[in-house]
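The next block holds one structure in the form of structure tokens; read it before the comments.
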Amino acid sequence: MSEALRAEHCGSCSSTKPGLPVSEAPRAGHCGSCSSVPNRTPRPGSRRPPAPVASAAMRLQVAAGGPAALKVVAAAEFAAAPVRLCWSAPAEQPLSPLCSPWVPALQLDSGAVLFSPNAICQYLFLAGGQEPTDLTNQWLEWEATELQPVVAAALYAQLVHGKKGLEAAGHLGKLLAYIEQSLSGRGTAYLAGDTQSVADVVVWGALFPVLQDEASLSNELQALRTWFQTMTLSEACRKAANSVLMPKGLLEFKSYLQKQPPPCLAMERATSNEPEEEEASERVLTEEEITAAADAWARGAAALPKPWHPQKPVLPVEGMRNVLITSALPYVNNVPHLGNIIGCVLSADTFARYCRLRNWNTLYVCGTDEYGTATETKAVEEGLTPREICDKYNAIHADIYRWFHISFDYFGRTTTPHQTTIAQDIFQRLLARGFLLQDTVEQLQCEGCQRFLADRFVEGICPFCGYEEARGDQCDKCGKLINAVELKVGWDPSGRPVALPGTPTVFWALSKPFLCFSSQKRPQCKLCRGIPVVKPTQHLFLDLPKLEEQLEPWLEHSWSTGDWTANARYITRSWIRDGLKPRCITRDLKWGTPVPLDGYRDKVFYVWFDAPIGYLSITANYTDQWERWWKNPQQVELYNFMAKDNVPFHSVIFPCSLLGADDNYTLVNHLIATEYLNYEDGKFSKSRGVGVFGDMAKDTGIPADIWRFYLLYLRPEGQDSAFSWSDLMLKNNSELLNNLGNFINRAGMFVCKFFGGVVPDMVLTMDDKRLLARVTLELRQYHQLLEKVRIRDALRCILSISRHGNQYIQVNEPWKRIKGNEEDRQRAGTVTGVAVNMASLLAVMVQPYMPSVSQAIQGQLCIPPECFVLSHIFTCTLPPGHRVGTVSPLFQKLENDQIEALRKRFGGGQAKPTPPAPVPAPASGPVVAPGDPQLIQELTEQVAKQGNHVRQLKANKAEKAEVDAEVAKLLELKKQLALAEGKSPEVLVPKGKRKK
Amino acid sequence: MAAELALLEGTLGLRNGTKYGAQGERQIPVLQTNNGPGLTGLITIAAHLVKQAKKEQLLGSTAEEKAVVQQWLEYRVTRVDRCSSKEDTRTILKDLNTHLEDKVYLAGNSFTLADILMYYGLHHVMVDLTVQEKEKYLNVSRWFNHIQHYPGVRQQLSNVVFIKNRLYTNAH
């Protein structure tokens with residue numbers, strides 16, 4: 001569409017009206033051919049000087065009833081700008097998506113659309129030759145930020161709430177006074193000088209609807225009255241007022257205003273904003289709270305419950321809170337990375353430690369998930385048996401978790417006889433109760449290896465979200481599980497993968513590690529180079545649709561009584577909403593739990609049927625009374641920790657298995673799923689050594705507790721978070737060293753230096769009691785958060801207590817008072833005593849997060865073991881006369897150099913650029929390769945010579961047989977060269993072959 | 001906002017080291033000049049500084065471009081600065097994302113004052129976005145990342161990271 005046509009085009013009915021002067025276009029109807037708009041009376045009295053011939057008129061779309069219409073129409077009149085005015089009903093399609101339908105929009109010749117009324121006014125004046133000045137800019141900005149909100153509020157009060165006069169004017173008075181002051185101060189007739197400018201039009205346009213005529217202005221505003229009168233009487237403004245405010249006057253704006261939310265002025269809002277919320281946490285303490293805190297303090301260590309040390313093995317105890325904690329079983333074929341650690345084991349560990357400190361009878365189990373194709377593949381890769389692979393990696397995992405101080409009661413594995421017994425039992429029970437189905441699945445099979453290719457080694461386009469690298473069993477992008485039946489794939493005659501008939505638009509490309517495309521041709525089995533075929537095979541399915549009626553009431557109950565993270569609920573809900581389908585639980589593999597049913601004896605259970613059963617079998621390896629944990633929902637509360645991608649298996653599939661097996665199993669009460677932890681910038685890649693893996697963390701020289709602290713500090717609760725080296729340094733240096741460590745160290749040092757290592761007498765003042773109450777408040781908050789497993793948030797409470805402590809020491813200056821009179825020395829004693837007791841409380845509170853640091857504080861301050869328990873009160877655990885040990889710093893500063901070095905080391909700074917593939921042609925320069933340089937040199941020359949020879953033969957149209965023979969020689973030479981250069985010669989061969 | 005003007009001075013290569021006053025609850029910056037009552041308002045002072053630095057092209061070179069720059073400056077002070085809820089912020093990001101779909105800079109193909117001030121105004125918003133949000137407002141992210149790397153603009157403001165790679169590899 002041309003520019004000219006666009007100017008006359010009606011957005012609403014799409015009809016074009018060449019030649020129709022838009023300035024006289026019917027109002028409301030805004031276009032002659034729209035019959036949908038009821039009011040088509042022509043707009044009176046709005047005539048504009050004709051537009052200059054040279055310029056095509058720009059379209060100025062003005063909504064009838066939009067207050068900003070006034071100033072743009074007036075500006076167009078003033079500047080005699082070449083615009084075509086087009087009245088539109090507010091419901092009409094705006095000129096650009098950014099335009100609000102009520103606000104005027106100007107379409108420029110370039111096609112760009114201005115949607116801000118002041119910018120439109122300024123442009124119209126600029127087009128008329130008036131450049132903006134600092135002063136006009138200032139008025140425009142003032143009008144937009146100060147005047148407009150107040151005017152809008154006043155109009156709203158007047159028209160929607162029906163208020164009158166001053167009542168509606170609100171804050172307007174102050175702004176009018178400002179205009180008055182500016183005009184009289186400068187002594188000019190207009191706002192920005194002695195002539196009219198865009199500033200006058202814009203301010204007048206805003207004021208006119210509320211003032212209407214100068215009579216409403218008080219006599220004190222003499223200059224403003226004069227200015228306003230002059231403006232209102234000017235031809236341009238008169239015309240604008242007539243066209244915008246007719247026929248109903250101000251009521252024209254009413255329908256617009258009624259659709260707006262009540263205006264909220266900046267000045268009013270400022271009183272109800274965030275800063276206040278933060279102050280709210282520093283809320284005023286009540287007298288009762290202060291008294292209660294002082295009482296609790298006075299009761300001393302006797303007020304604390306006795307720490308509970310359960311018998312080993314830990315078993316549920318009647319009458320106690322019995323907490324069973326699992327963290328998702330890490331897969332055995334790889335080293336865990338920081339994401340695995342924070343998502344599962346570390347979060348669960350922190351919570352388990354907290355539970356134990358609360359005297360809850362707690363069992364925390366985990367182990368490696370070892371069955372499945374990935375293990376088989378890894379075994380082939382490393383030339384070991386699957387068993388050997390599992391042994392190797394299980395040990396690696398156990399080592400890493402030990403280093404991180406993960407306090408498993410038992411860390412087991414899934415490849416045990418118990419696993420087979422329990423999994424087969426659950427299977428038999430499901431079979432007996434009719435919850436299993438039989439179906440035929442078409443799968444890729446390599447006939448040479450007699451091997452079916454597992455789902456997870458097929459890559460392709462996700463049928464749900466279109467992600468191109470979705471794995472065969474689950475899409476990494478949208479998280480949806482992909483059913484095995486959707487994996488059918490075939491090839492067209494050229495070898496391209498295609499969807500088989502009857503399947504949706506699934507288009508599977510293949511695949512590692514068994515399949516690869518060789519020069520974009522046929523798929524091959526990587527092991528034997530055989531061509532895989534699609535073969536039907538019988539499989540068993542868990543009948544999820546049939547189990548849904550049991551699942552839903554259970555979920556409802558679990559959600560209403562337990563703590564499920566929001567993402568866990570959301571993922572589960574959307575999974576059920578999409579409809580449950582039968583889910584295949586068997587696989588054609590060898591490394592797995594055998595299926596105990598005729599016709600399936602060569603198959604094993606699918607790892608996702610099998611793996612969660614690992615929780616049970618691992619517990620069975622811990623104690624033969626495992627059923628007291630796992631078949632005891634009356635007494636046991638089960639917490640599952642995982643990253644969000646594991647949610648459906650724990651919230652739907654596994655509960656369905658257990659519900660169907662119907663043996664009074666303990667089902668999950670609290671499902672705690674984290675979001676993802678990301679790695680700063682740059683690619684995260686194991687192969688390139690970018691990122692931090694569990695086994696590398698200890699090589700950084702940064703203590704495990706610092707890692708624990710930082711990972712928990714950025715635990716992705718509620719939203720993703722990102723690991724950053726500089727942030728790690730910052731948090732260590734500011735929060736641990738300067739805040740927490742500094743406080744605990746000072747408190748302990750004062751006892752040693754000023755009081756000979758013995759806690760002094762304390763005489764509490766009101767200020768001290770207030771501090772006790774403040775600490776108690778933080779402690780309560782800490783409990784509230786941890787009970788809801790908000791681990792990261794609870795960490796803030798610890799840091800806040802030490803911040804209060806630092807302030808307390810800073811304000812009371814015990815190091816000065818100790819040198820003062822008797823009273824001062826007593827005060828120094830009290831402050832030191834309270835501070836060291838806060839340190840003692842912190843030692844317990846910090847234990848779930850930093851167990852070694854906690855132990856160090858315990859050792860330094862000689863905190864009695866019976867005080868290592870968490871209650872809701874802050875009491876004096878280190879009474880006067882208590883002797884502390886040797887106090888030393890708890891944390892070390894991390895230096896910039898050190899962190900930069902680590903960033904480089906783990907951030908792929910050392911990643912080598914892949915050398916460009918050398919072209920084995922005569923023209924290629926010297927090739928740097930691992931082989932013998934002399935040999936390469938020779939071969940390169942020979943290839944070049946032979947290449948020339950072949951070209952010459954071809955140019956001379958030699959016999960085909962002769963050419964072929966020489967080409968064969970050339971290819972052979974190239975192959976030798978490639979070998980000498982240490983490259984795979986295959987790359988070249990098909991290229992030669994294709995020519996035939 | 002006074003701090004922002006100091007940043008702008010840095011970007012423009014001015015070494016004024018001006019101390020800006022602040023007015024009212026919203027702390028509107030005020031620039032005292034030798035003659036007259038001084039200038040008030042962020043975009044007013046910003047435009048003044050640009051002219052002082054003789055970099056008028058930053059205000060737009062054609063009348064149309066000038067208008068577009070003006071419009072986005074106005075958008076900055078009336079919409080971005082007035083965001084009071086997450087909802088408002090989302091609307092802003094959505095608008096900008098749409099606008100930037102086919103543009104390198106706010107005013108089209110040239111870098112202008114609008115980019116600089118919008119960058120300063122959005123910095124605190126972008127810092128808090130999650131990875132998914134950054135992906136959702138892809139055009140804003142692209143533009144923002146471009147501007148923060150524009151020579152001299154970012155200065156001591158923190159670098160907002162846009163490329164995030166998962167630590168999780170979905171091991172199984």
Side-chain angles (χ1 to χ4, degrees), chain A residues 97-98 108-110 112 114-116 118-120 122-123 126-127 132 134 137-138 140-142 144-145 148 185 264 266-267 269-270 273 330-331 333-334 336-340 343 369 372 374 456 471 474 476 607 611 643 645 676-684 686 691 719-720 722-724, chain B residues 24-26 28 31 33 36-48 51 59 62-75 77-79 81-82 84 94-96 98-99 101 103 107-108 128-133 158-159 161-172:
Chain A
L98 285 167
L108 302 178
D109 291 343
S110 66
L114 292 179
F115 56 82
S116 138
N118 287 6
I120 294 175
Q122 195 179 71
Y123 173 73
L126 187 61
D134 281 347
N137 280 343
Q138 178 169 302
L140 260 52
E141 185 173 357
W142 178 81
T145 56
Q148 245 179 56
C264 173
M267 14 201 139
R269 201 172 49 221
N273 233 341
Y331 202 69
N333 74 334
N334 239 328
H337 45 68
L338 296 185
N340 298 134
D369 171 13
R456 49 178 295 102
R471 282 180 293 118
Q474 186 177 16
D476 285 345
V607 59
D645 53 339
Y676 294 122
L677 175 68
N678 302 285
Y679 188 74
E680 40 183 25
D681 45 3
K683 285 245 181 227
F684 174 87
K686 177 110 177 77
Q719 62 174 46
D720 284 6
F723 176 92
S724 138
Chain B
E25 282 153 283
R26 292 200 298 117
I28 302 156
L31 172 67
T33 48
L39 291 174
T40 307
L42 179 74
I43 54 182
T44 305
I45 300 175
H48 174 80
K51 281 183 249 170
L59 298 173
T62 63
E64 293 205 342
E65 205 175 273
K66 281 177 189 164
V68 174
V69 171
Q70 176 64 25
Q71 154 170 300
W72 286 108
L73 292 174
E74 197 182 322
Y75 185 91
V77 290
T78 57
R79 304 286 309 277
D81 291 356
R82 248 184 242 162
S84 60
K94 206 173 130 254
D95 279 0
L96 284 172
T98 313
H99 179 72
E101 201 160 25
K103 289 170 198 73
D128 285 343
L129 290 192
T130 62
V131 181
Q132 290 104 322
E133 285 169 320
S158 64
N159 181 38
V161 174
F162 287 91
I163 316 149
K164 287 285 167 65
N165 293 285
R166 253 186 209 182
L167 262 185
Y168 280 87
T169 51
N170 280 311
H172 66 297

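Residue numbers begin at 1 in each chain, while the letters A, B, ... track the order of the sequences. Below, all heavy atoms of this structure are taken into account, side chains as well, without hydrogens, waters or symmetry copies. All figures in this text were calculated on a predicted structure; none of them were measured in a lab.
- If you run side chain to side chain contact (heavy atoms under 4.5 Å, CB included) between A/E141 and each of B/L39, B/I45, B/I43, only B/I43 comes through.
- At a 4.5 Å heavy-atom cutoff, the contact between B/L42 and chain A is made by backbone and side-chain atoms alike.
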message: Evaluate B/T130 against B/E133 for side-chain hydrogen bond (donor to acceptor under 3.5 Å, both in side chains), listing each step before the verdict.
response: CA-CA 5 Å; B/T130 62; B/E133 285 169 320; 3.2 Å; yes
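- Using a 4.5 Å cut-off between heavy atoms, B/K51 touches chain A through its side chain atoms alone.
- With A/N118 contributing its side chain and A/L140 its backbone, the two residues share a donor-acceptor pair below 3.5 Å.
- Aromatic ring orientation, A/F115 versus B/W72: perpendicular (interplanar angle above 60°, classes split at 30° and 60°).
- With a threshold of 4.5 angstrom between heavy atoms, A/A144 approaches chain B through its backbone and through its side chain.
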query: Please walk me through it: do A/Q122 and A/N137 pass side-chain hydrogen bond (donor to acceptor under 3.5 Å, both in side chains)?
result: CA-CA 9 Å; A/Q122 195 179 71; A/N137 280 343; 3.3 Å; yes
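- Residue with the most contacts toward chain A among B/L73, B/T40, B/L59, B/I28: B/T40 (heavy-atom pairs, distance under 4.5 Å).
- For chain B, the nearby parts of A/L114 are the backbone and the side chain; heavy atoms of each come within less than 4.5 Å.
- Residue contact with chain A, scored on non-hydrogen atoms closer than 4.5 Å, involves the side chain of B/E74 exclusively.
- Only the backbone of A/P132 comes within contact range of chain B, with at least one heavy atom under 4.5 Å from a heavy atom of that chain.
- Between B/D95 and B/R79 there is a side-chain heavy-atom pair separated by less than 4.5 Å.
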